[in-house]
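Structure record follows, encoded as structure tokens.
Side-chain atoms are counted along with the backbone in the values below, which use heavy atoms only and exclude waters and symmetry mates. Residue numbers run from 1 in the order of the sequence given.
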Amino acid sequence: MFTYTPILIEKRRRERARKKYLLLLLPAFIAFLGIISYKHFRKLPADLSLTNQVVLSAQTAPPSSPGLTTVIDSTLEGTSGTYGIVIKNLKAGEAYFQNEHRVFEPASLYKLWVMGAVFQQVEKGQLNQDEVLTADAADLNKEFAIAPEDAEQASGPVSYSVRDALNQMITISNNYAALLLTHRVGLSAISSFLATKGLTESKVGVGQASPLTTPADTALFLEKLYLGQLANPQNTSEMLSLLRWQKLNDGLPKYLPDDITVAHKTGEMEPFTHDAGIVYADSGDYLIVVFSETDSRPLAKERIALISKGVYDYFTATPSGSLTN
């Protein structure tokens, strides 16, 4: 007959104790895994802020207007590029959305943020529009990591008043005017402006990183500006005036009647072509934001112009305040 020896009895006792200990640890280990997983997935939206990826958003856009959908679908037929579009009639509320939360590099549309941050500091008394900003082009190129082949000016002084820099930055998209203003207010102030105004899908570029934004955030900036939610009435009027004086008009305004006012900003940098603005029309003011990533910037610019014409014709034919089915 098999009998337990003292050594075997002790061995079995230790095994039972070890199993009991592991059972006691199991709930704690499962809880630990849960915490790690929660923290990891909470980070995903921030980690996804790269070109060609989509921002995760808890907000769901309202359904797109069938009429506007027909206009956009016909205009984009045959394109091989990727477009992000937001259209919103500011009176009737009729809207259209396509890839509105897709992340793009903004190209020169980041200058909208710079303008907003500058006027925020003007409003706080931290900056005067008559202040003269001066820097050496070589220093600006170095500070903002501009490659020699991309630099408009290798060296030499660059000087503008804040007022003139704003005008140059917005109306002809002058890069050194934008860099002077950015240097003066600081990237942290621009980031703070984005955060305080609820532009959560946009981020400034630091070091070698590119700035990022979405059509939805750009439309939100324009809508808040239109509604006077970015600055006091005087500064709101000045910002809208700068956008109305835009000189680069071969996008949104190209095929619109000459008497139609468009307050807009363009952004172009291979492979991106963007135009975003407010159209002041008798049928009702509306926002139109068109982002594109394509192999042909000239073709993308023409598509933007055709989209703009189609939307204008649609809203003109549709009485403001009434929606089509």
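Partners of Tyr83 by ring pair (Phe, Tyr, Trp, His ring centres under 6.0 Å), not counting sequence neighbours: none found. Listed by chain and residue number, Lys254 satisfy the salt bridge (Lys or Arg N to Asp or Glu O under 4.0 Å) test with Glu302 (two or more places apart in sequence, or in another chain). For Asp250, the salt bridge (Lys or Arg N to Asp or Glu O under 4.0 Å) test picks out Lys301, with sequence neighbours left out. Remark: Arg303 pairs with no residue by the salt bridge (Lys or Arg N to Asp or Glu O under 4.0 Å) rule, at least two apart or across chains. Looking at residues two or more places apart in sequence or on another chain, you find a salt bridge (Lys or Arg N to Asp or Glu O under 4.0 Å) between Arg163 and Asp130.
Sorted by first and then second residue, the side-chain hydrogen bond (donor to acceptor under 3.5 Å, both in side chains) pairs involving residues 182-198 (not counting sequence neighbours) are Glu131-Arg184, Glu143-His183. A side-chain hydrogen bond (donor to acceptor under 3.5 Å, both in side chains) check over residues 68-81, counting only residues at least two apart or in different chains, returns nothing. Applying the salt bridge (charged side-chain N to carboxylate O under 4.0 Å, His left out) rule to pairs touching residues 232-248 yields nothing, sequence neighbours excluded. The salt bridge (charged side-chain N to carboxylate O under 4.0 Å, His left out) pairs that include a residue from residues 205-230 are Lys88-Glu223, where partners are two or more places apart or lie in different chains. Annotation: ring pair (Phe, Tyr, Trp, His ring centres under 6.0 Å) contacts involving residues 291-311, sequence neighbours excluded, comprise Phe104-Phe291, His274-Phe291. The list of ring pair (Phe, Tyr, Trp, His ring centres under 6.0 Å) pairs with a residue in residues 186-230, not counting sequence neighbours, is empty.
In this structure, the side chain of Asn141 engages the main chain of Ala137 through a donor-acceptor pair within 3.5 Å.
Atom CG of Leu194 is separated from atom CG of Leu199 by 5.5 Å, given to the nearest 0.5 angstrom. One distance of note links CZ of Phe97 with CD1 of Ile72; it measures 12.0 Å at 0.5 Å rounding. Atom CG of residue Asp282 and atom OG1 of residue Thr316 lie 8.0 Å apart, to the nearest 0.5 angstrom. Put simply, CG on Leu112 and CD1 on Ile170 are 5.5 Å apart, with the number rounded to the nearest 0.5 Å. Atom CG of Leu133 and atom OG of Ser159 lie 7.5 Å apart (nearest 0.5 Å). Summarising the geometry, atom CG belonging to Asn175 is positioned 7.0 Å from atom CD1 belonging to Ile146; distances are rounded to the nearest 0.5 Å.
Put simply, the residue from Asn235, Leu127, Ile190 that forms a side chain to side chain contact (heavy atoms under 4.5 Å, CB included) with Val118 is Leu127. Partner of Ile304 under the side chain to side chain contact (heavy atoms under 4.5 Å, CB included) criterion, chosen from Ile85, Val290, Ile288, Thr266: Val290.
Both Leu240 and Met169 sit in one connected hydrophobic cluster of ILVMFWY residues. Membership requires side-chain heavy atoms under 4.5 Å apart, directly or through other members. Both Leu90 and Leu225 are assigned to one and the same hydrophobic cluster, defined by single-linkage of ILVMFWY side chains at heavy-atom distances under 4.5 Å. Under a hydrophobic-cluster definition in which Ile, Leu, Val, Met, Phe, Trp and Tyr are linked whenever side-chain heavy atoms come within less than 4.5 Å, directly or via other members, Leu166 and Leu187 are assigned to the same cluster. The cluster map of Ile, Leu, Val, Met, Phe, Trp and Tyr, joined by side-chain heavy atoms under 4.5 Å apart, puts Ile260 and Val311 in the same cluster.
Of all heavy-atom pairs spanning Thr214 and Glu100, the tightest one is CB-O, 3.5 Å. Closest heavy-atom contact between Ala189 and Ala117: O-CB, 4.3 Å. Heavy-atom minimum distance, Pro157 versus Asp136: N-OD2, 4.2 Å. Minimum heavy-atom separation, Ala178 to Val114: O-CG1, 4.4 Å. Contact record, Met239 with Leu230: CE-CB, 4.5 Å, taken as the closest heavy-atom pair. Here the shortest heavy-atom pairing between Leu180 and Ala135 reads CD2-CB, 3.7 Å.
Between Leu181 and Val162 the shortest side-chain heavy-atom distance falls below 4.5 Å. Here the side chains of Tyr314 and Ser65 are in contact, with some heavy-atom distance below 4.5 Å. Residues Val262 and Ile278 fail the side-chain proximity criterion, which asks for heavy atoms closer than 4.5 Å. Residues Thr82 and Asn99 have side chains in contact (heavy-atom distance under 4.5 Å, counting atoms from C-beta outward). No side-chain heavy atom of Pro211 sits less than 4.5 Å from a side-chain heavy atom of Leu109. A 4.5 Å side-chain heavy-atom check between Lys265 and Ser108 finds at least one atom pair inside the cut-off. By the 4.5 Å heavy-atom criterion applied to side chains, Leu76 and Ile307 are counted as neighbours. Side-chain contact between Trp245 and Leu243 is absent, with no heavy-atom pair separated by less than 4.5 Å.
Tyr255 forms part of a hydrophobic cluster together with Leu306, judged by ILVMFWY side-chain heavy-atom separations under 4.5 Å.
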Exercise. Decide yes or no on side-chain contact (heavy atoms from CB on, under 4.5 Å) for Glu201 and Thr213, but give the supporting numbers first.
Key: CA-CA 6 Å; Glu201 294 181 352; Thr213 193; 5.8 Å; no

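Heavy atoms of other residues, nucleotides or ligands lying less than 6.0 angstrom from CD of Gln234 number 12 at most.
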